[in-house]
Amino acid sequence: MAQISDSFETDTSANYTVVDDSNGASGDGVFDGTIAFAYDYVAAGIPLAPRSLPGDVGGLRMTVNDTEEGEEGATTTEEDHITAFNNLSIAGSYRIDVDMYMGVNLGASGTTEFAHVGVAGSSTDFLSIFTPTTDNGYYVSITGEGGSGSDYRTSAPGNAAIPSGDPVYLNPTNTTNSATEPYLSLYPNTEVPGSPTNIWTTLTITVADTVTYFLDGTPIIQVPNTGSSDGLVGLGYTDPFDSVGPNFVIYDNLTVTAIPEPTAAFLALAGMAALAGRRR
């Protein structure tokens with residue numbers, strides 16, 4: 001299996017296919033955002049990512065809806081989407097890890113952006129659970145400031161926007177809302193408790209008999225692997241509304257590694273045990 005390791009210390013854009021509203025199958029032909037590889041986030045005042053080496057400074061930064069409709073020179077429409085797909089197709093049992101920093105200006109209006117991270121995707125379309133919803137592999141959608149009742153949503157082939165209340169959400173009420181456990185315990189001291197607001201968090205996805213999502217080691221979502229888990233890893237950012245604000249996401253330290261089959265089975269069982277424990 002091909003493996004990926006990208007610290008974004010250099011411009012690795014040649015290894016990715018970037019899909020946004022201007023070229024995605026669900027796009028409207030206009031993209032009003034930015035993407036920057038090897039972005040020096042330390043110089044911008046953001047602390048080092050948790051899995052970075054001393055001296056590292058680079059990350060992958062994305063913005064959407066940079067200008068407001070009606071402003072001079074504005075090109076934005078009602079929504080904006082972007083996803084960078086790594087060009088290596090991944091198959092078998094594997095895990096991905098990526099550090100993620102969601103920068104949110106809580107004093108600005110319209111903080112409605114979502115980060116999307118997924119596996120088994122195709123570079124024909126961006127990742128988006130909201131307006132439009134795209135059926136593009138397995139991915140998770142996370143808001144940085146708890147401004148939606150669907151702060152942690154997931155998508156799977158054939159079920160592109162799994163709603164709150166579904167048992168794939170590993171908490172006692174199967175909710176997607178950040179103002180509940182385990183999110184409040186994960187992020188008790190952020191500016192918006194329950195959300196990764198202006199901090200680094202590490203997202204892990206394991207692909208075996210199930211596709212399981214972890215935040216800082218805590219499982220939050222687990223969906224069955226329907227056998228269509230081969231494809232591309234995608235890192236994205238979306239604003240499904242016409243809001244505008246100086247918000248962004250930064251990704252760092254993307255790794256994809258193979259999981260030996262016995263370990264894959266163990267991870268699937270461990271995820272089921274975690275779910276049973278939460279329900280008790």
Side-chain angles (χ1 to χ4, degrees), residues 1-6 15-17 19 51 60 83-100 114-129 133-142 152-162 166-171 174 176 182 186 201-236 251-276 278:
M1 184 196 81
Q3 298 193 32
I4 298 169
S5 180
D6 196 342
N15 299 331
Y16 294 81
T17 298
V19 185
R51 297 182 303 123
L60 172 62
T83 306
F85 292 97
N86 189 279
N87 293 330
L88 285 176
S89 184
I90 306 299
S93 297
Y94 56 93
R95 66 177 282 167
I96 83 165
D97 296 275
V98 66
D99 297 330
M100 180 178 70
F114 294 79
H116 291 84
V117 180
V119 298
S122 164
S123 59
T124 60
D125 213 352
F126 45 70
L127 304 180
S128 175
I129 283 179
T133 301
T134 58
D135 190 344
N136 195 358
Y138 300 86
Y139 58 94
V140 66
S141 171
I142 299 174
Y152 299 91
R153 283 284 292 276
T154 195
S155 178
N159 195 349
I162 301 175
D166 193 284
V168 302
Y169 299 104
L170 305 183
N171 56 70
N174 307 125
T176 60
L186 274 167
T201 190
T202 300
L203 173 67
T204 299
I205 307 174
T206 60
V207 179
D209 295 333
T210 60
V211 179
T212 306
Y213 303 83
F214 302 78
L215 286 172
D216 292 336
T218 296
I220 62 166
I221 297 168
Q222 184 176 78
V223 299
N225 183 345
T226 60
S228 54
S229 57
D230 299 353
L232 305 179
V233 172
L235 307 174
Y251 295 106
D252 202 359
N253 303 314
L254 171 65
T255 59
V256 179
T257 54
I259 300 176
E261 289 304 323
T263 305
F266 171 78
L267 282 171
L269 291 171
M272 293 173 64
L275 173 58
R278 288 185 181 279

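Side chains included, hydrogens not; waters and symmetry mates left out as well; all remaining heavy atoms used. As the structure is a computational prediction, the values presented were derived from the model and not from experiment. Residues: numbered from 1 along the sequence shown.
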Going through the distances and angles, do D166 and N174 end up as a side-chain contact (heavy atoms from CB on, under 4.5 Å)? CA-CA 6 Å; D166 193 284; N174 307 125; 5.9 Å; no
Here's a test for you: under ring-ring contact (aromatic ring centres under 6.0 Å, His included), which of F126, Y213, F85, Y139 qualifies with H116?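 The passing option is Y139.
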[atom1] of [X] to [atom2] of [Y]: how many Å apart, nearest 0.5 Å?
{"X": "I162", "Y": "T154", "atom1": "CD1", "atom2": "OG1", "answer": "5.5 Å"}
{"X": "D125", "Y": "T134", "atom1": "CG", "atom2": "OG1", "answer": "5.0 Å"}
{"X": "N253", "Y": "L60", "atom1": "CG", "atom2": "CG", "answer": "11.5 Å"}
{"X": "Y152", "Y": "I129", "atom1": "OH", "atom2": "CD1", "answer": "13.5 Å"}
{"X": "N86", "Y": "I4", "atom1": "CG", "atom2": "CD1", "answer": "3.5 Å"}
{"X": "M100", "Y": "L254", "atom1": "CE", "atom2": "CG", "answer": "13.0 Å"}

Nearest atoms (heavy-atom pairs only) where [X] meets [Y]:
{"X": "V256", "Y": "Q3", "result": "O-CB, 3.4 Å"}
{"X": "Y138", "Y": "A120", "result": "CD1-CB, 4.1 Å"}
{"X": "P182", "Y": "L170", "result": "CD-O, 4.3 Å"}
{"X": "T204", "Y": "R95", "result": "CG2-NH2, 3.4 Å"}
{"X": "S5", "Y": "T255", "result": "OG-CG2, 4.2 Å"}
{"X": "A208", "Y": "S93", "result": "CA-OG, 4.0 Å"}

Expected output: side-chain [X] to main-chain [Y] donor-acceptor under 3.5 Å:
{"X": "R153", "Y": "A161", "answer": "yes"}
{"X": "T83", "Y": "L127", "answer": "yes"}
{"X": "S122", "Y": "T124", "answer": "yes"}
{"X": "Y251", "Y": "G236", "answer": "yes"}

One pair to check against side-chain contact (heavy atoms from CB on, under 4.5 Å): I142 and L215. What are the steps and the verdict? CA-CA 11 Å; I142 299 174; L215 286 172; 4.1 Å; yes
So, applying side chain to side chain contact (heavy atoms under 4.5 Å, CB included) with L203, which one of D97, L235, V140, I220 is it? V140
Apply side-chain contact (heavy atoms from CB on, under 4.5 Å) to I205 and V233, showing your working. CA-CA 10 Å; I205 307 174; V233 172; over 6 Å; no
Would you check if I90 and V119 make a side-chain contact, meaning some heavy-atom pair closer than 4.5 Å?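 SC-SC contact between I90 and V119 ruled out.
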Under a 4.5 Å cut-off applied to non-hydrogen side-chain atoms, are S89 and L232 in contact?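 When only atoms from C-beta onward are counted, L232 and S89 do touch, with a gap below 4.5 Å.
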For D99 and T202, does a side-chain donor sit closer than 3.5 Å to a side-chain acceptor?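 On atom types as modelled, these side chains qualify, holding a pair under 3.5 Å.
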Pair S155-N136, side-chain donor/acceptor within less than 3.5 Å: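 Note: S155 and N136 side chains miss the donor-acceptor criterion.
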